[in-house]
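Predicted model, so just to flag it, every value in this text is computed and none were measured.
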2 protein chains.
Amino acid sequence: MPIELTASQALGLWHGVALNQVRHDARDLTLRQMAILLHIYLVPPPHTVRGLAATLNVTKPVITRALDTMGDMGLVDRVRDDTDRRNVIIKRTVNGALYLEKLGDLVREQGRKLPV
Amino acid sequence: MPIELTASQALGLWHGVALNQVRHDARDLTLRQMAILLHIYLVPPPHTVRGLAATLNVTKPVITRALDTMGDMGLVDRVRDDTDRRNVIIKRTVNGALYLEKLGDLVREQGRKLPV
DNA sequence: GGAAAATGAAACGTTAGCGTAACGATTTTC
DNA sequence: GAAAATCGTTACGCTAACGTTTCATTTTCC
């Protein structure tokens with residue numbers, strides 16, 4: 001079901017999450033990287049570089065670089081597509097799932113903490 | 001009152017907002033900058049470089065640079081404190097308020113769009 | 001009044017992301 | 001099969017943020 005937020009709640013929620021991330025998390029994903037990561041994990045596969053670039057309205061090198069960085073962090077994985085070897089299929093990882101699970105918990109927790 | 005979100009809703013909300021920002025907004029604030037901006041506008045003044053640095057658990061140059069950037073964007077302003085001229089008081093601007101208003105609308109809109 | 005402390009900014013070299021343009025590998029087209 | 005198209009990556013120069021250190025200004029402390 002939809003979530004109804006007041007303007008104050010919406011910004012308060014964003015504030016709480018951003019603050020918490022900045023304070024505690026050394027790992028600092030770009031907004032673009034975050035969008036890519038969430039897309040990979042929330043939208044049914046398969047995901048390709050080209051597809052992500054089109055969906056996010058960014059150029060392909062942006063996707064490649066983000067995958068490089070997040071791959072090094074263990075948040076995503078890449079595999080050649082054997083049916084069309086030009087493609088690269090982006091795979092989810094256990095680490096990535098854990099990372100987003102923690103993010104989800106943080107958002108929920110900040111929602112619960114909103115002023116009464 | 002607190003907001004109760006499921007894990008799926010929390011991540012879906014984050015996904016929707018991040019996606020929208022990346023797609024449409026050329027202006028791309030860092031997570032740190034975002035946290036600073038939200039803090040300035042949501043927490044009662046006065047705000048100083050030193051105070052923000054302590055609150056966000058970052059070094060002072062991080063705040064100075066963020067204020068430089070966001071100042072150029074017109075999102076915040078700086079004024080010397082006349083009672084203690086070592087301090088700089090960070091001021092809100094009309095542009096900054098507008099920017100956050102739009103962000104709030106985006107969050108609310110994405111909340112409303114969450115799958116039923 | 002002079003030393004010490006505090007504040008914000010500037011300087012420095014480093015790292016990482018950016019957009020554009022080119023590239024190699026693969027597949028499709030005719 | 002050769003030419004064209006497609007896909008992801010790399011190269012290039014640029015910009016911006018990073019952490020650490022140093023600095024100028026101002027205030028506080030004996």
Taking atom types as modelled, find out whether Asp81(B) and Thr83(B) have a side-chain donor-acceptor pair closer than 3.5 angstrom. yes
Just the rounded figure in Å: distance from P of dG17(C) to CE of Met34(A). 14 Å
Looking at Val62(B), is its backbone amide N or carbonyl O close enough to the side chain of Arg32(B) to form a donor-acceptor pair, meaning the two atoms are under 3.5 Å apart? no
Spacing between Ile89(B) atom CD1 and dT26(D) atom P, to the nearest angstrom: 15 Å
Over how many whole Å does the gap from Ile36(B) atom CD1 to dA17(D) atom C1' extend? 12 Å
Starting at the 5' end of DNA chain C and moving along, which residue's nearest nucleotide shows up first, Thr83(A) or Pro61(A)? Pro61(A)
Given atom CZ of Arg78(B) and atom C1' of dT7(C), what is their separation to the nearest angstrom? 13 Å
Phosphate oxygens OP1/OP2 of dG8(D): is one of them under 4.0 Å from a side-chain N or O of Arg80(A)? no
Between CG of Asp81(A) and P of dT26(C) the distance, given in whole Å, is 13 Å
Between Gln21(B) (side chain only) and Ala18(B) (backbone N and O only), is there a donor and an acceptor less than 3.5 Å apart? no
Check the distance between dT6(D)'s P and Asp84(A)'s CG and give it to me in whole angstrom. 12 Å
OP1 or OP2 of dA16(D) versus the side-chain N and O atoms of Gln33(B): is any pair under 4.0 Å? no
Using heavy atoms to find the nearest nucleotide of DNA chain C for Arg50(B) and Val62(A) separately, return the residue whose nucleotide is more 5′. Arg50(B)
Check: Arg65(B) side chain, dG19(D) base, donor-acceptor under 3.5 Å: yes
Establish, with yes or no, whether the OP1 or OP2 oxygen of dT26(C) is under 4.0 angstrom from a side-chain nitrogen or oxygen of Asn87(A). no
Can you give the donor-acceptor pairs under 3.5 Å from side chains of residues 43-53 of chain B to other protein atoms, not counting sequence neighbours?
from: His47(B); atom 1: NE2; to: Ile40(B); atom 2: O; distance (Å): 3.3
from: His47(B); atom 1: NE2; to: Val43(B); atom 2: O; distance (Å): 2.7
from: Thr48(B); atom 1: OG1; to: Gly51(B); atom 2: N; distance (Å): 2.9

Mind calculating the distance between CZ (Arg85(A)) and P (dG8(D)) to the nearest angstrom? 13 Å
For dT9(D), does OP1 or OP2 lie under 4.0 Å from any side-chain N or O of Thr64(A)? yes
Would the distance check show the side chain of Arg80(B) and the main-chain N or O of Arg85(B) forming a donor-acceptor pair, the cut-off being under 3.5 Å? yes
Hey, which sits more toward the 5' end of DNA chain D by its nearest nucleotide, Thr59(B) or Asp82(B)? Thr59(B)
Phosphate OP1/OP2 of dC18(C): any Arg32(A) side-chain N/O under 4.0 Å: yes
Candidates dG17(C), dC18(D), dG8(D) - which lies nearest the side chain of Thr30(A): dG17(C)
Counting just side-chain N and O atoms, does Thr69(A) come under 4.0 Å of either OP1 or OP2 of dG17(C)? yes
Proximity to the side chain of Arg86(B) - top-ranked nucleotide from dT21(D), dA5(C), dG19(C): dA5(C)
Separation of dA16(D) atom P from Leu31(A) atom CG, nearest Å, is 18 Å
